There are 2 protein chains.
Amino acid sequence: MELSERKIKILQAIIRTYLETGEPVGSRTISKDSDLNLSSATIRNEMADLEEMGYIMQPHTSAGRIPSDKGYRWYVDSLMTDKTNEIIDIKQDLEDKAGKIDILLQYIAKLLAKDTNYTSMVTKPRYTHKKIKFVQLTDVDEHQILAVIVIEGNIIKNKLINVVENIDKEAILKMNIILNTFLQGLDITEINMQVIANMKAQAGNYATILSDVLDAIAEVIAEADNIEIYTSGATNILKYPELSDSEKASEILYTFEEKKQLTQLIGDRISEEENRGIQVYIGDETPVESMKDCAVVTATYEIEEGVYGKVGIVGPKRMDYEKVVATLQNLMTQLDDIFKEKS
Amino acid sequence: MELSERKIKILQAIIRTYLETGEPVGSRTISKDSDLNLSSATIRNEMADLEEMGYIMQPHTSAGRIPSDKGYRWYVDSLMTDKTNEIIDIKQDLEDKAGKIDILLQYIAKLLAKDTNYTSMVTKPRYTHKKIKFVQLTDVDEHQILAVIVIEGNIIKNKLINVVENIDKEAILKMNIILNTFLQGLDITEINMQVIANMKAQAGNYATILSDVLDAIAEVIAEADNIEIYTSGATNILKYPELSDSEKASEILYTFEEKKQLTQLIGDRISEEENRGIQVYIGDETPVESMKDCAVVTATYEIEEGVYGKVGIVGPKRMDYEKVVATLQNLMTQLDDIFKEKS
DNA sequence: GTTAGCACTCGTTTATTAGGAGTGCTAATA
DNA sequence: TATTAGCACTCCTAATAAACGAGTGCTAAC
C-alpha cells in the first residue's frame, strides 16, 4: 500500500497531536482538528490502514493511536527535507564567551537544555591530527619540573614531573632545546621509537630525566585524547511521565552521570563523513541501551578544518523534532560564523 | 520526663528497625525482636511517652512509629560517643592514585557512593593563602602569549593572551623578569594597586601588554578561587522510595547537577574551627532547601597545614549513620596518612 | 508496674461498578 | 465507489464499597 496524500495528512496530524499531548489520539480528534473535513469513521478506516502499514499502533484495543518508531522515523525524515526557519539567536551570547572553548561549550549545553526542556550534551572537539606546537620545561624546585605542552588548536596541558636527581638550569635548557628540535611540528602519531631513541642519544647524561619527561608528555597527550562531554538538564527527563518512572529515569540519569556510554552516542565515528550533519536516533536505533525509550538528535560542528565536535539532545520519543532540529541547525550556523570570524 | 534506660533501648530499637525497613514500626515488633521481654502493651505505653517527648511520631493514627528529626538527632549524637570500628580499606586503592589530586578526589567520591549506596560529594581543597610561586610567559606566535602561573600547592593555571601589538622575544624576557621580581612569593591578597603601578612603571613601553597579562592573572586566580565539587552516585537517591517520587527526586538531582548550592553545604566556612570533624545535618538542619527530606554527613580533610577540603554523603534521613560515620572517619585517617607520607 | 483484652482507627488492598473514549463493522447515503 | 451514520463491543480509568489488618489507646485484672 502507498501513503496517499490523505494518509500523510492524517499521519502528520496524529504525530503532531501526540507530540503535544503524549496521549493516544483518537479518530474524532483528528476529524475535528484537521482541515480535512472527514468524519471520524473515515479517519478510522485510514488509521486502520496506517496501523497495518506499521506507522502507528494502539497501546490497547479501544485506545487511540500512537506513533510507532517507524512512524517517528517517517516523520523525522519528512521534516528533514523542509527548510524550517525557527530562529533562536544565541550568537550574541556566544560571542562573549568565545574566549574559552570549554566554558563556551558548557554554556551551550546549558542554553540548549533550558531552551528545549530536554537534556543536552556537547563534546569537546577532538583534534585527530595533533601537531605539537611547543614543549617547555621549567624548574619549579630541585626535584620538580613543570612541563607545558601546547598542541595545535591551542590546547594547553601541563604536568608536574617529579625527578629523583637534582636538576640544574643547564639541564632544563638543554632538554628544552632537544625537545623542541625534535618534537616541534610533529604530529603525535609520528613520535615513534626512532625519534625517542634519537632524542635520548642527544640527551646524554640527562637521558633519565628526558625519559620521565617523555612519559609525562605521552600521558598528557593520551589525556587529551579522552573525549570530554558536557551535559546539562539531565533532570529534565523527569518532566516526561513516560520516562520518569523510577526505573527508567534511574537508568537514563545514570548514563548521564557516568558519561562513558555517551561516547557511543556522540563520541564515536565523528570522522566518518556520513555521521556529520544532523542525525536522529529513535528508540532502538540508539546505540545506548538505557535510551531505548528516548529519541536522540545529534549535530556535528566544525571549529576549524578537520576538527569536529558534536552536540546532542536527548528527550522522549515524542520530542518536538521540528524545534530541536531547527535549534541545532541554527546553532551550527552560528557556531560556524563565530569560529570562521576568529580564524 | 527523663529518658530511662528502658526508653533508650526501645528508642534505639525503633530507630534501628526503621533504618532497615523504612516502614513505621509497631509495638509488637519491638516486643518480639528486642531482648527486653516486655509485652507489646508495655512497649505501647513507653512509645506514647517517647512520642510526647518528641523523639518519635506517627505518620497517622493506627500506624507504627517513625523517628522524628529530634529522634534521629538523639540517635546520631549517641553514636558519636561510641567508638565504632568498621574498617573499609581503601588506602591501597588510594595510594595508586595519589599523583593527581583531582583524579584522586573524583575516585574517592565514586568509591564512597558505591560503598554506601548514597550520594557522595567531595570538594577540591581550597588554598586560602595562595602565594605565587612563579609566572612564566612564552610567545606562542606574534599575537599570542601563553602565561603559566604556578601557585603554592602546585596549582598550575595557564591562559592564552591575545595581544594587539607584535611581540618580540625581548618583550617576553623583560616581562618575565618584572613579573617574577614583583610577584614571586606574594600572597595574592597582597597584589594591590601599588604593586601594579610599580610594575607598570618598570615595564615602560610594554605597559599595555603587561596590563593584559595582569588581567589574565587576576582572572586565573579568581578561577582558582571557585570551589570545585565532585559528586558521584546521584542516582542512588532514586533507590529510596521516600525520596524517589518525581518531584522530590527532581529537586535533589537538580541540586547535584548544578552543584552551586552544594557550596553552602560543604564549601562554606571550612576555615572555622567548629566546622571541622564530622558533622551531621538531619532534615531541616541542612542549609539546602531541596534536601530537607535528606540527611547529610560531612567530614573535613586536611591535605597540608591549613589546607582543607570536605567530603559529604547525602542520603535519606534513615541512612545508616553508623556505617557512614565510620566510613568517613576511616577515610579521613587514611587520607591523613597518605598526605603525611607524601610531605 | 505489667499485661491481657478489646473496641476503635485508618491506611491498604481487593472487588465491583459505572463511565467513557475509542474502535471495527455494517448498512445506508451521495 | 467513497463516505458516513449508527451501533455493539472492548477495555481502560475513576469512583465507590467492602474486607482486611496492623496498630493504637484505654481499661481492668494480675
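Computed from a predicted structure; not experimentally measured.
A:E51 and A:R44 are not joined by a salt bridge, as no carboxylate oxygen comes within less than 4.0 angstrom of a charged side-chain nitrogen. Between A:D77 and A:R73 a salt bridge is recorded (basic side-chain N to carboxylate O distance below 4.0 Å). At a threshold of 4.0 Å, the pair B:R318-B:E242 counts as salt-bridged, since one of the basic side-chain nitrogens sits closer than that to a carboxylate oxygen.
Set against C:dT3, D:dT10, D:dC12, the side chain of A:S62 has D:dT10 as its closest nucleotide. Closest to the side chain of B:Q58, out of D:dT24, D:dC12, C:dG11, is D:dT24. When distances run from any side-chain atom of B:R44 to the nucleotides D:dC26, C:dC10, C:dC25, the shortest one goes to D:dC26. Here the side chain of B:R65 is nearest to one of D:dA5, D:dT24, C:dG24, namely D:dT24.
Toward the 5′ end of DNA chain C lies the nearest nucleotide of B:N37, the other residue of the pair B:N37 and B:H60 mapping further downstream. If you find the closest nucleotide of DNA chain C to A:R28 and to B:P59, the one lying nearer the 5' end belongs to B:P59.
In this structure, CD1 of A:I56 is placed 13 Å from C1' of C:dG22, rounded to the nearest angstrom. The CG atom of A:L38 sits 17 Å away from the P atom of C:dA30 (whole-angstrom rounding). One can place CG of B:D49 at 12 Å from P of C:dT2, the figure rounded to the nearest angstrom. For the pair B:M47 CE and D:dG23 P, the interatomic distance rounds to 9 Å; values are reported in whole Å. Protein atom CD of B:E46 is 17 Å distant from nucleotide atom C1' of D:dG23, rounded to whole Å. As a whole-Å value, the separation of A:M57 CE from C:dT23 P is 15 Å. Across the protein-nucleic acid pair, A:N45 atom CG and C:dA27 atom P stand 15 Å apart, rounded to whole Å. If you measure from atom CD of A:E51 to atom C1' of C:dG22, you get 12 Å, rounded to the nearest angstrom.
Taking the six-membered ring wherever Trp is involved, the centroid distance between the rings of B:Y55 and B:Y75 does not fall below 6.0 Å.
Between A:E20 and A:Y18, the side chains place no donor N or O within less than 3.5 Å of an acceptor N or O (distance only, hydrogens not considered).
Dashed line: the shortest gap from a side-chain N or O of A:T42 to OP1 or OP2 of D:dT4 is under 4.0 Å. Within the structure, a side-chain polar atom (N or O) of A:S39 is placed less than 4.0 Å from OP1 or OP2 of D:dT4. For the OP1/OP2 pair of C:dT2 and a distance below 4.0 Å, the side-chain nitrogens and oxygens of B:R6 include at least one atom meeting the criterion. Phosphate contact (OP1/OP2 of D:dC11, side-chain N/O of A:T61, threshold under 4.0 Å): present.
Residue-level contact check: A:A41 touches the bases, meaning some heavy atom is under 4.0 Å from a base atom.
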